[in-house]
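Contents: one structure, followed by commentary.
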Amino acid sequence: MRVLTCAAVLWLLLGPAAQGRPFTVEDALHLASLGKVVVAPGGRWVIIEKRRPYDQAPRFDNDTSADIVLDQLWAADLVKGGPAAPLFPQAKGVGYLAGPISPSGSKMLVYRVRGYRFDAGVAEFAKRTIRWLGVTPELAGWGRSAVWRGDDQIVLIENPRNMAPYMVRTNSANMQALPRLWRPTIQGTGASIRVLGSGAYLQDHPRAALRRLLLVDPRTGGRRELARGDFVDLELATSGRYVAVLSEGETMPDRPDRPLRQADATRRTDLALVDLETGVVRRPCPELDLARSLLTWSPSRDALLVFGRKPGEDWEQGGLLQVEGGGGPVKVFTGAGVRPLLDFTPYVHLLHVHADWLGDAPAVYGTLKAIPAVRPEWYRLTPSRAETLSRDLRAPPPDLAAVSAAGDVLLAEDSAWRLGLDGRLIKLAALPKAQVRRAAELSAGPRISLAAPRDDCLEIQRTVDAHLQFDRVCISGKATAEGALPISVQPIGPGGGGAYVGIRRDAQGAQVVFLGGGKDGDRRILGVNAQLASVDFADLVRIHHLGPKGEALTSWLYLPRDRKPGVKLPVVVIPYPGVAQDAEPYEGQAGVAFMGVNPQLVVGQGYAALIPSLPRSGEEPAAGLADQILQVVDAAGEQAPVDIQRLAIWGHSFGGYAVLVVATQTNRFKAAIAEAAPTDLAGGYGAIDPPYRTDPELTTYRLQANMGWSETGQGGLGAVLWDAPERYLRNSPLFAANRIVTPVMLIQGDQDIIDVGEGEKMFNALYRQNKDAVLLTYWGENHTVSSPPNVRDKYRRAFAFLRDQLGPAS
């Protein structure tokens, strides 16, 4: 157990003198924030998505995408100096999102959200003007939806019939569609129906109207249609002549004998290659289903690398494919004796194929099929042979740091290495504890974050003497220092002359974008939330304890700054299973507009708030959960002035699930608040989310998401329902409601992806037993209560419930 110093004990018991006032719900609702901040190519302009105060949004049916309607675009000239200013005149109540920037760094595609309408324009930085193009583009879901072809053409995916993108309409789609779908039934004027099919009726699934692939001239607004399809992603060849486009094909039957993942596509993914000079469209592998995570052109010629399988096969049976832009046979790399490493991103499990290019030949990280026990290596492939590239490294990394026509870069053994076109591995520079610093890509999906940057040089970030040191390392061997910032700063990108753009957040939650590290000192570019200076945010205490496997963990305790000396405070535990956080949780940071369970708001009522680190302790999500949480609570009782006899527990989503599970396993908590909580894992197994019941396109995309969540996602039950029904039941708090004695508050939105019936069933189970329970249903709300009047009401009722059960905070 950690031993506290006398000074630390005295500080915890007495606390510092309070200087301001508690953080309130009104403070949270009036917070502004920063979205993407990027330095444009060329280093002259910094572009900032500045989000207006939360309560100024024109509507609140966007749920997790609420920031879309709050964004404004600001820009600062790093050469001429001066603060940031609006990039162009921007209307009140309209959202503006930053899109891809042109190669010269002088223009940017801009997306505009007006109500439920969506369109795009091109802004010029120097002129601070915008030209609206009259197109309705899609937003990037998997990779890209738009790309510049030089500075004077844009290739983009356009939605049909002025339909807003998935991200803009998903949470409001159901509420808009239901009155329209009800009307024919009410009036008796026609059938109102959606049809889904399986087995022999599989192709009865609804299909969305086709999207268009357009080539747009931003100077005139002129456009040329290139192709039509259910397009979901695109990538431009290095030469600029060809564009590869992924689209959704026919619906595929499911495989009940293998685990289902949340990111598993319901429809086959097809590839089209479009010649932008001739307009010719080819579909080179119509019989295959392609992975959406690999779509990469050679940096030296017009050849594309993808990964495909036959529909219905496991991904492990698939192979790498080389497709020539100008035509010719598809090369299949299945006979080279290398099995590519395949893994899946956390939670939604997007397939990640560790492969790219080394010049004009595919390079893959994997193992030899004949000797699977051999460690993974990087190999250069031909259709019949594999050449080992990384044998001289003690532990070859699974990802490339950069890819270029001159060779690739690896980061390993505290050094940067050049992987040459001749297959030789040469050390470029010693860089202890270095990481690749990737600039934020505007309007790009998860595929882009999985791929190596395309550049002859890469930006390196490392910690040196309590500072972040930035270096630029090139494939040529040239390495230059680019500047340094304090370690507490979030770096953005180089600003010229050894300076660097960063974001500084102070202890009060105010944020400032600035240019620092140069010879002229720091220069302020833009700031938000200066009004928080008068707020007393919580004091943060790190609670040290052991995890379920004996590992050392840190949990996070927030204490009121104005606490009275010698008084032990009641504790509100805010759980989220499966997460162990080494750094302070985002939702606990000062100045964060977090409308879920905000620990700063809990502390503002005089309670202590505890966010425990809860790595998965066993094969099933409910197993031993109360004991795991109470171990953290007891550690907090030993290390801080809190009263562990007066405990409440309050969680959202999977955290709400944890609240109800814990209430079935212990009676130590005096109050339990569960928001958006799954209660019946069997009943929710095949549920279709409300937005996807009424929208044909969304239905086919998300049909089986809840099953994937249960089998391999957060639920992680590892089996289909009918193979292990008892596992689903024993991990469902609904089926242990007879063991709940803690008073319970349930909070639900009727449009939630966690069906409103989940909360209703648990409430009725408690009602049936005459146990203390309250059910709050907020109409029109999705997974997070987001409309300001509903947020105010939720917190008012929740805090009253805590006072009823725990008594006064002090």
Side-chain angles (χ1 to χ4, degrees), residues 34-50 71-90 96-111 120-131 146-154 218-219 402 437-444 453-461 468 470-474 478 480-485 489-504 511-527:
L34 298 175
K36 291 282 184 71
V37 179
V38 299
V39 177
R44 177 172 180 178
W45 298 95
V46 58
I47 311 303
I48 304 167
E49 288 181 341
K50 179 184 178 183
D71 279 345
Q72 295 177 312
L73 294 176
W74 292 55
D77 189 330
L78 297 177
V79 175
K80 291 185 176 180
L87 179 54
F88 53 86
Q90 296 168 49
Y96 301 90
L97 287 77
I101 299 175
S102 69
S104 70
S106 63
K107 305 174 187 177
M108 181 174 69
L109 187 65
V110 172
Y111 301 114
V122 171
E124 294 195 44
F125 299 148
K127 296 179 180 179
R128 294 190 181 265
T129 59
I130 190 162
R131 180 189 182 96
V147 64
W148 286 85
R149 188 187 185 216
D151 259 32
D152 297 321
Q153 287 184 321
I154 303 171
R219 298 164 298 181
R437 197 208 66 79
R438 298 186 62 158
E441 288 223 33
L442 296 170
S443 190
R454 259 49 189 169
D455 204 329
D456 290 334
C457 302
L458 69 155
E459 303 289 333
I460 296 295
Q461 170 184 319
L468 294 175
F470 305 104
D471 304 286
R472 185 171 176 83
V473 179
C474 298
K478 182 181 179 181
T480 56
E482 289 203 317
L485 289 173
V489 168
Q490 175 188 342
I492 299 301
Y500 220 84
V501 177
I503 301 176
R504 181 187 292 116
Q511 290 180 280
V512 173
V513 182
F514 71 102
L515 184 68
K519 60 181 179 180
D520 298 327
D522 289 358
R523 184 182 118 208
R524 188 179 189 275
I525 294 173
L526 181 144

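No experiment lies behind these values; they were computed from the predicted model shown.
R437 contributes no side-chain N or O that, together with a main-chain N or O of F470, makes up a donor-acceptor pair within less than 3.5 Å.
Side-chain contact check for V46 versus V38: every heavy-atom pair is 4.5 Å or farther apart. Put simply, the side chain of L458 does not reach to within 4.5 Å of the side chain of P453, judged on heavy atoms. The shortest side-chain heavy-atom distance between Q461 and P491 falls under the 4.5 Å cut-off. Inter-residue side-chain proximity for T480 and V473 is flagged as unmet; no heavy-atom pair is nearer than 4.5 Å. Side-chain contact between F125 and I47: present, with at least one pair of heavy atoms (C-beta onward) separated by less than 4.5 Å.
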Would you please test L526 and K50 for side-chain contact (heavy atoms from CB on, under 4.5 Å) and show each step?
CA-CA 9 Å; L526 181 144; K50 179 184 178 183; 4.0 Å; yes
Can you list the steps and then say if L73 with Q90 is a side-chain contact (heavy atoms from CB on, under 4.5 Å)?
CA-CA 8 Å; L73 294 176; Q90 296 168 49; 4.1 Å; yes
Apply the test side-chain contact (heavy atoms from CB on, under 4.5 Å) to residues L468 and Y500: give CA-CA distance (whole Å), side-chain angles for both, the deciding distance (0.1 Å), then the verdict.
CA-CA 11 Å; L468 294 175; Y500 220 84; over 6 Å; no
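The minimum heavy-atom distance between R131 and P218, with the atom names listed, is CD-O, 3.2 Å. Taking each heavy atom of G502 and V489 in turn, the nearest pair found is CA-CG1, 3.9 Å. In terms of heavy atoms, A146 sits closest to L109 at CB-CD2, 3.7 Å. A pairwise comparison of heavy atoms in I101 and P41 identifies CG2-CD, 3.7 Å as the closest pair. For P103 against G150, the heavy-atom pair with the smallest separation is CD-O, 3.2 Å.
Under the side-chain hydrogen bond (donor to acceptor under 3.5 Å, both in side chains) criterion, E49 pairs with no residue at all, not counting sequence neighbours. A search for side chain to side chain contact (heavy atoms under 4.5 Å, CB included) contacts involving A123 returns L87, F88, V110, I130, not counting sequence neighbours. Residues meeting the side-chain hydrogen bond (donor to acceptor under 3.5 Å, both in side chains) test with Q153, sequence neighbours left out: R149. Partners of R472 according to the salt bridge (charged side-chain N to carboxylate O under 4.0 Å, His left out) rule, which considers only residues two or more places apart in sequence or in another chain, are E459. In terms of the side chain to side chain contact (heavy atoms under 4.5 Å, CB included) criterion, residue partners of Q511 (sequence neighbours excluded) are, by chain and number, L34, I503, R505, V528. Taking the salt bridge (charged side-chain N to carboxylate O under 4.0 Å, His left out) definition, one finds that D455 meets it with nothing, sequence neighbours left out. Take S102 and apply the side chain to side chain contact (heavy atoms under 4.5 Å, CB included) test, not counting sequence neighbours, and it matches S104, S106, K107, W148, D151. Contacts of R454 classified as salt bridge (charged side-chain N to carboxylate O under 4.0 Å, His left out), with partners at least two apart in sequence or in another chain: D356. The ring-ring contact (aromatic ring centres under 6.0 Å, His included) test applied to Y111 returns F118, not counting sequence neighbours. Applying the side-chain hydrogen bond (donor to acceptor under 3.5 Å, both in side chains) test to R219 and every residue at least two apart in sequence or in another chain returns D217. Every residue two or more places apart in sequence or in another chain was checked for a side-chain hydrogen bond (donor to acceptor under 3.5 Å, both in side chains) with S443, and none qualifies.
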Show the atom names and distances, to 0.1 Å, of all donor-acceptor pairs under 3.5 Å that link a side chain in residues 75-85 to residues at least two apart or in another chain.
residue : atom : partner : partner atom : Å
D77     : OD1  : R44     : NE           : 3.2
D77     : OD1  : V79     : N            : 2.9
D77     : OD1  : K80     : N            : 3.1
D77     : OD2  : R44     : NE           : 3.0
D77     : OD2  : R44     : NH2          : 2.7

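Here the CG-CD1 distance, from D71 to I48, works out to 12.0 Å after rounding to the nearest 0.5 Å. Rounding to the nearest 0.5 Å places CD1 of I525 at 9.0 Å from CZ of F514.
Looking at R504 and D522, a side-chain N of the basic residue comes within less than 4.0 Å of a carboxylate O on the acidic one, giving a salt bridge.
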